[in-house]
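Atoms within each ligand, like the ligands themselves, are counted from 1 in listed order.
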Amino acid sequence: MKDWAFTTTVEEMEAATNSLLETAQKVGADTWQKRVKDQTPHCGFGESGTCCRICSMGPCRITKKAPRGICGCDVHGIVARNYLRFTAGGAATHSDHGREIMHTLHQTKEGGNYQVKDPEKLIRIAKEWGVETEGKDIYDLAHEMAEIGLLEYGKPFGTQRFLKRAPEHTQKLWHDADIEPRAIDREVSQSLHMTHMGCSSLPEALIRQALRAGLSDGWGGSMMGTEFSDVMFGTPKPVDTTANIGVMEKDNVNIVVHGHDPSLSEMIVYYANDPEMIAYAKSLGAKGITVSGVCCTSNEVAMRHGIPMAGNFLNQENVVLTGACEAIVVDVQCIFPALGPLSKCFHTKFITTSPIARMPDSEFIQFHAETAGENAKAIVKMAIENFTNRKTELVNIPDQVQKARVGYSVEAIKKVLDGVANSQVDEFGTTKPLIECVHAGVLRGAVAMVGCNNPKIRPDTAHIALMKKMLENDILLIVSGCSAQAAAKAGLMDPEQAKEYCGAGLKRVCELAGIPPVLHMGSCVDISRMMILASDISKDWGIPISQVPVVGCAPEWMSEKAVSIGNYVVATGIETFLGVDPYTKGSEEVTQLLQGDHGINEWVEAKFVVDTDIERLGDKMIACIEAKRAALGI
Ligand code: BF8
Ligand code: SF4
């Protein structure tokens, strides 16, 4: 076994959390750790997906004695319907985030709150979409592209524009399986329609639609979210930052941004750096202003500005429990309603900003693209003025920080890996150096590790254990979402230290390219970046995506978004490994469709592998990568 002495272990992180839980007890605050106990054991029908409440003749629960619901639907129909609804919720959520980004793009103007920071990328996408760019003002082009992008949500005919980015083989599989996503809203609506009482109960049809709805997210809404965020806020490049709870600073005004949409956090970061604001903070006794992040909003601003990452999903209460958080500012998704009452136990302002995520016990400052500057300034000011209300006796910021290098967009990965081999690079670089490393066996393959934390798994243990196992086996990691933050908190993105613990091949690649062995590709909508990378590798290599030694993994997932992601990753031809069951075990038929050799595997050349034993899940991932290598004869 390797010596991972430099890393912050899960045990150390837990000890830090425990010291914060002592404060919680002192102030009488409720925490998720306690609520999990209150909710355990969970409902067995819910867990196996065998409860139906989509009409008021029910709820119907399937047992041996009662094998059908009142309408006659069997367990397979009920489980598959629940699975499709789960997917549709996620596809809607990611895609609506993408839609907000397109609306923001429509508001861009020279000298305005939002501008075009990567005009080359905008022009590149415009050309891809067949939009005339010659002689056009960049803002006219941005607005035109925003309108076209918004039509992807509701256009009456045709399929998603970005599907053309996939290898032809993949496009053909999608076409033949009848899962090419049409308008995004249509796929979500149709999923709800199909699962309405008295519509589909045939598992195969429901699972097919789950793949299609997932694809409308990954190759539609999420991809637009990612690509046009890059256009407005810049395409990420490698940048050094820090991670874990110790990034909060005792003597500074601490503003924590949480959620997903970078439109808000970009503005907060901008005004927190405003000399006028810093001077104001100093006038009230602080040394400065520290913005740090939680969840995917954190990933967005870390990737583009090196803003430190305070923690991931199950750390969101911890930032308030430090007693040093002046404001936690949230936009949408993955925000615990618990933050309202929790913030009331401290001086913390809990500021909600989106009509999509309204919560009790918060201060609502609606964020509009037109007034974003004023809104952000008001929020930063409110946080500064709250500094003097701190209860100093409650302040406890555990001293845990790790260095992390982040910012690996597809563009950045291609660029840095050109340092490893002397391949010919075209205008935007190629994935050939990466392919050469995999071909030669210097790298055995790659794992795209993504997703959340879930109290069903000791937080971060699965992410970190699996990552270590992969690194030791010369398997490169590309990561996003809360998985990325788990890696950063542990120290696995430290480019100096983490490489020491890799297998010899991976270590060499890291040294030559100057990269950490775990590459932070962004937030969860940025899993679309991984799809583009996989497609480019497949095209450059000349083999289908399903033959590339790459697998996906979400070991601690919890949200509907994660299910939608799982569907589009698998549908793109990437075998996907889950450490938490997606509420399908109640139906053998649905389980076989998703996990067997003769279900979705026959349509898209990949399937799900579910194993709640994390050690075994890791072994299966390595075996899958090695089997792909053997099949290629490498
Ligand atoms: O979209 S990984 S807990 S923060 S859902 Fe949420 Fe899961 Fe974190 Fe980002 Ni993704
Ligand atoms: Fe029960 Fe059928 Fe209504 Fe579902 S749709 S609640 S199974 S009667």
Side-chain angles (χ1 to χ4, degrees), residues 32 45 49-63 66-82 85-86 89-91 93-98 194-201 217-218 221-222 225-226 257-262 265 293-300 302 309-316 330-336 357 448-455 457 459-460 462-463 479-488 520-528 553-566 569 580 586:
W32 67 259
F45 295 97
T50 54
C51 169
C52 182
R53 48 176 296 282
I54 63 175
C55 92
S56 75
M57 293 191 283
C60 298
R61 305 187 305 181
I62 301 303
T63 60
R68 288 179 186 267
I70 290 166
C71 65
C73 191
D74 67 11
V75 73
H76 311 296
I78 288 175
V79 169
R81 285 198 304 224
N82 285 336
R85 287 206 159 201
F86 216 148
T93 303
H94 268 152
S95 297
D96 208 36
H97 167 164
M194 284 178 79
T195 54
H196 189 275
M197 190 272 149
C199 286
S200 288
S201 51
D217 165 2
S222 273
T226 294
V257 288
H258 175 13
H260 287 77
D261 185 341
S265 46
V294 172
C295 284
C296 283
T297 262
S298 173
N299 292 322
E300 299 274 359
M309 299 176 276
N312 47 2
F313 181 60
L314 287 179
N315 296 141
Q316 59 184 290
V330 305
D331 48 81
V332 289
Q333 305 168 21
C334 302
I335 302 148
F336 273 180
M449 201 169 298
V450 305
C452 328
N453 299 121
N454 184 327
I457 292 176
D460 297 331
H463 290 294
V479 298
S480 72
C482 290
S483 184
Q485 289 165 333
H520 194 325
M521 289 193 80
S523 63
C524 289
V525 294
D526 292 339
I527 294 169
S528 61
C553 177
E556 303 182 24
W557 73 273
M558 63 86 203
S559 72
E560 291 175 319
K561 290 182 289 174
V563 179
S564 176
I565 292 167
V569 173
V580 178

Do you know which two heavy atoms are closest between Q316 and H258, and how far apart they sit?
->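 Scanning both residues, the minimum pair turns out to be OE1-NE2, 2.8 Å.
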Provide the number and element of each atom of ligand 2 under 4.0 Å from a heavy atom of [X].
X	value
M197	5 (S)
C71	2 (Fe), 5 (S), 7 (S), 8 (S)
G58	6 (S)

Is there a donor-acceptor contact under 3.5 Å linking the side chains of [X] and [Y]?
X	Y	value
D331	T297	yes
S95	D217	no
D526	T226	yes

Ranked by distance from atom 1 (Fe) of ligand 2, the top protein heavy atom is C60 SG, 2.3 Å
Please state which protein non-hydrogen atom is closest to atom 3 (Fe) of ligand 2 and give its distance, to 0.1 Å?
->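 Protein heavy atom with the smallest distance to atom 3 (Fe) of ligand 2: C55 SG, 2.3 Å.
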Can you list the ligand 1 atoms lying under 4.0 Å from a non-hydrogen atom of [X]?
X	value
C452	2 (S), 3 (S), 5 (S), 7 (Fe)
C482	2 (S), 3 (S), 4 (S), 8 (Fe)
M558	3 (S)
F313	3 (S)
C524	1 (O), 2 (S), 9 (Fe), 10 (Ni)
G451	2 (S)
C296	1 (O), 4 (S), 9 (Fe)

For a 4.5 angstrom cut-off between non-hydrogen side-chain atoms, does [X] reach [Y]?
X	Y	result
R85	I54	yes
N315	V294	no
N312	D460	yes
P459	W32	yes
D261	E300	no
F336	L314	yes

Has ligand 1 got any nitrogen or oxygen that is less than 3.5 angstrom from a nitrogen or oxygen of H260?
->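 N/O-N/O distance under 3.5 Å: yes.
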Report yes if H94 has an N/O atom closer than 3.5 Å to an N/O atom of ligand 1; otherwise report no.
->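 The answer is no, given that H94 and ligand 1 share no N or O pair closer than 3.5 Å.
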Does any N, O or S atom of C52, backbone or side chain, fall under 2.8 Å from atom 4 (Fe) of ligand 2?
-> yes
Heteroatom N/O/S of C73 within less than 2.8 Å of atom 3 (Fe) of ligand 2 = no
Out of G481, S559, C334, who gets a non-hydrogen atom closest to atom 6 (Fe) of ligand 1?
->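 Minimum heavy-atom distance to atom 6 (Fe) of ligand 1 goes to C334.
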Positive for side-chain contact (heavy atoms from CB on, under 4.5 Å) with M558, one of I457, N454, V563 |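 Running side-chain contact (heavy atoms from CB on, under 4.5 Å) over I457, N454, V563 with M558 returns exactly one hit, N454.
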For ligand 2, is any non-hydrogen atom under 4.0 Å from R68's backbone (N, CA, C, O), its side chain (CB onward), both, or neither?
-> neither
